[in-house]
Participant: 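Just dropping this structure here.
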Amino acid sequence: MCDLQDVSLHIHDRISSLRSMLDLAAVELPQNKIKKLGQELSVVGGLLEQFEKCVGQQREQLRHLKELEESFKENVGGVQHMKDNVPAHMPNKRGLANGGEAALDEAVQPAQQQPVKKSCIRSMDVITMPEFESIPQYMRGRVSYDQMNAAVQSINTAVTAKYKILHQSMKTLNNHTRKLHQRFKEQETKDTKGQNFVVEEDIREFSKIKVDKRFQGILNMLRHCQRLRELRGGGLTRYMML
């Protein structure tokens, strides 16, 4: 890379030399001095060209650095925007629902410690922001993104608590959970075999969410997002996990 300071000092020295020679212009110069003066002028001209070239290279490098600075500022702004807008709920893989552990601890009080039969309990994934925004406005109403995912968590809580009771041995259940176990079995049909579902009574039993008109609207949105489907029969509406 060109060192502009060195080039500038060199040109300054050459110009000083020429000035000294020009000061002798009033005196008749020998032929060799005149030749030397021409050579110095030629060298200074070459140095000026080199200086201009270096200035151009430095100007191009400065332009490139400014572009990098603008790009860096844009990246910093993008990272800050993501940091400031991290969703309260992050999508997770389908599997065993973790919500509802506290409710289950209160509901299930085994008389003696026995291993619980392991079985996969299906739960709903949270709604992503693109999914939420794809729901028609007339269907969303005033329901917020966070309210919708809070309902998802409440339903997952109810599903987990219900099926952990069903997977317990009857001998480990107290009177209350035995009645719940019996009710769960009575609500099953041939169409629910191998499926996880809850009814409104389960949601009231195992979660704190208010089952009202707004909640019914959220259930409609969850059907729209293909998180659940309804199965009616026997005076009950069963909400099947998908």
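Sequence positions, counted from 1, serve as the residue numbers for this chain. Atom set for the values below is all heavy atoms of this structure, side chains included, hydrogens, waters and symmetry mates excluded.
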Participant: How close do Leu242 and Arg122 get, counting heavy atoms only, and between which atoms?
Facilitator: O-CD, 3.8 Å
Participant: Could you tell me whether Asp212 atom CG has more than 12 heavy atoms of other residues or ligands within 6.0 Å of it?
Facilitator: yes
Participant: Is Arg204 paired with Glu201 through a side-chain N to carboxylate O contact shorter than 4.0 Å?
Facilitator: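 So Glu201 does not pair with Arg204 through a salt bridge.
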Participant: Does NZ or CZ of Lys162 come closer than 6.0 Å to the centre of the six-membered ring of Phe184, within 45° of the ring's axis?
Facilitator: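 That pair qualifies as a cation-pi contact.
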Participant: Within the distance-only criterion (no hydrogens, no angle test), does the side chain of Ser154 pair as donor or acceptor with the backbone N or O of Ala150 below 3.5 angstrom?
Facilitator: yes
Participant: Less than 4.0 angstrom from a charged side-chain N to a carboxylate O is my criterion; do Lys66 and Glu70 meet it?
Facilitator: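 No salt bridge links Lys66 with Glu70.
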Participant: With distance as the sole test, does Arg178 use its side chain to make a donor-acceptor pair with the main-chain N or O of Leu173 at under 3.5 Å?
Facilitator: yes
Participant: Under 3.5 Å, side chain of Asp202 to main-chain N/O of Val199, donor-acceptor pair present?
Facilitator: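 Side chain of Asp202 to backbone of Val199, a donor-acceptor pair under 3.5 Å: yes, one is there.
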Participant: Checking side-chain contact (heavy atoms from CB on, under 4.5 Å) for the pair Arg183/Leu180: CA distance, chi angles, key distance, verdict?
Facilitator: CA-CA 5 Å; Arg183 173 164 66 82; Leu180 289 176; 3.2 Å; yes
Participant: For a quick test of reading the model, state the closest non-hydrogen atom pair linking Phe206 to Ala158 and the distance between them.
Facilitator: CB-CA, 3.8 Å
Participant: Could you please spell out the steps behind the side-chain contact (heavy atoms from CB on, under 4.5 Å) verdict for Leu166 and His181?
Facilitator: CA-CA 6 Å; Leu166 284 172; His181 189 285; 4.0 Å; yes
Participant: Hey, does the side chain of Asn149 reach the backbone of Val152 with a donor-acceptor pair shorter than 3.5 angstrom?
Facilitator: no
Participant: For the backbone of Arg142 and the side chain of Arg214, can you confirm whether one donor and one acceptor N or O come within less than 3.5 Å of each other?
Facilitator: no
Participant: Hey, could you give me the CG/CE distance between Leu219 and Met221, rounded to the nearest 0.5 Å?
Facilitator: 9.0 Å
Participant: Do any N or O atoms from the side chain of Arg140 and from the backbone of Phe132 form a donor-acceptor pair under 3.5 angstrom?
Facilitator: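 Such a contact is found between Arg140 side chain and Phe132 backbone.
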Participant: Applying the 4.5 Å side-chain criterion to the ILVMFWY set and letting contacts propagate, would Met170 and Tyr163 be lumped into a single cluster?
Facilitator: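 Yes, because Met170 and Tyr163 connect within a single hydrophobic cluster, where side-chain heavy atoms sit under 4.5 Å apart.
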Participant: Measure from the side-chain N and O atoms of Ser207 to the backbone N and O of Ile203, and report whether any donor-acceptor pair falls under 3.5 Å.
Facilitator: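 Judged by distance alone, yes, a pair lies under 3.5 Å.
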Participant: Is there side-chain contact between Leu231 and Gln195, with at least one heavy-atom pair below 4.5 Å?
Facilitator: no
Participant: Which pair of heavy atoms, one from Arg238 and one from Gly233, lies closest together, and at what distance?
Facilitator: NH1-O, 2.9 Å
Participant: Using side-chain heavy atoms (C-beta onward) and a distance below 4.5 Å, is Glu131 in contact with Asp125?
Facilitator: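 No; the side chains remain at least 4.5 Å from each other.
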Participant: Under 4.5 Å between any side-chain heavy atoms of Phe197 and Met241, yes or no?
Facilitator: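 Side-chain contact under 4.5 Å: no.
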Participant: Do Leu222 and Ile127 make a side-chain contact, defined as non-hydrogen atoms from C-beta onward lying under 4.5 Å apart?
Facilitator: yes
Participant: Which heavy atom of Ile218 sits nearest a heavy atom of Met148, and at what distance?
Facilitator: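 Closest heavy-atom pair between Ile218 and Met148: CG2-CG, 4.2 Å.
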Participant: Do Ile209 and Ile155 touch side chain to side chain, with heavy atoms closer than 4.5 Å?
Facilitator: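 Ile209 vs Ile155: side chains apart.
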Participant: Whether the Gln216 and Glu200 side chains hold a donor-acceptor pair (N or O, under 3.5 Å, no angle test) is what I'd like checked.
Facilitator: yes
Participant: For the residue pair His167 and Ile121, establish whether any side-chain heavy-atom pair is separated by less than 4.5 Å.
Facilitator: yes
Participant: Do Ile135 and Cys225 have side-chain heavy atoms sitting under 4.5 Å apart?
Facilitator: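 Yes. Closest side-chain heavy atoms under 4.5 Å.
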Participant: Under 3.5 Å, side chain of Arg227 to main-chain N/O of Val126, donor-acceptor pair present?
Facilitator: yes
Participant: Using the salt bridge (Lys or Arg N to Asp or Glu O under 4.0 Å) rule, take Glu60 and Arg63 through it: C-alpha gap first, then chi angles, then the decisive distance, then the call.
Facilitator: CA-CA 5 Å; Glu60 180 64 21; Arg63 184 187 66 79; 2.3 Å; yes
Participant: So, the side chain of Ser71 versus the backbone of Leu68: is there a donor-acceptor pair under 3.5 Å, distance only?
Facilitator: no
Participant: What I'd like to find out is whether the side chain of Glu186 reaches to under 4.5 Å of the side chain of Gln182, using heavy atoms alone.
Facilitator: yes
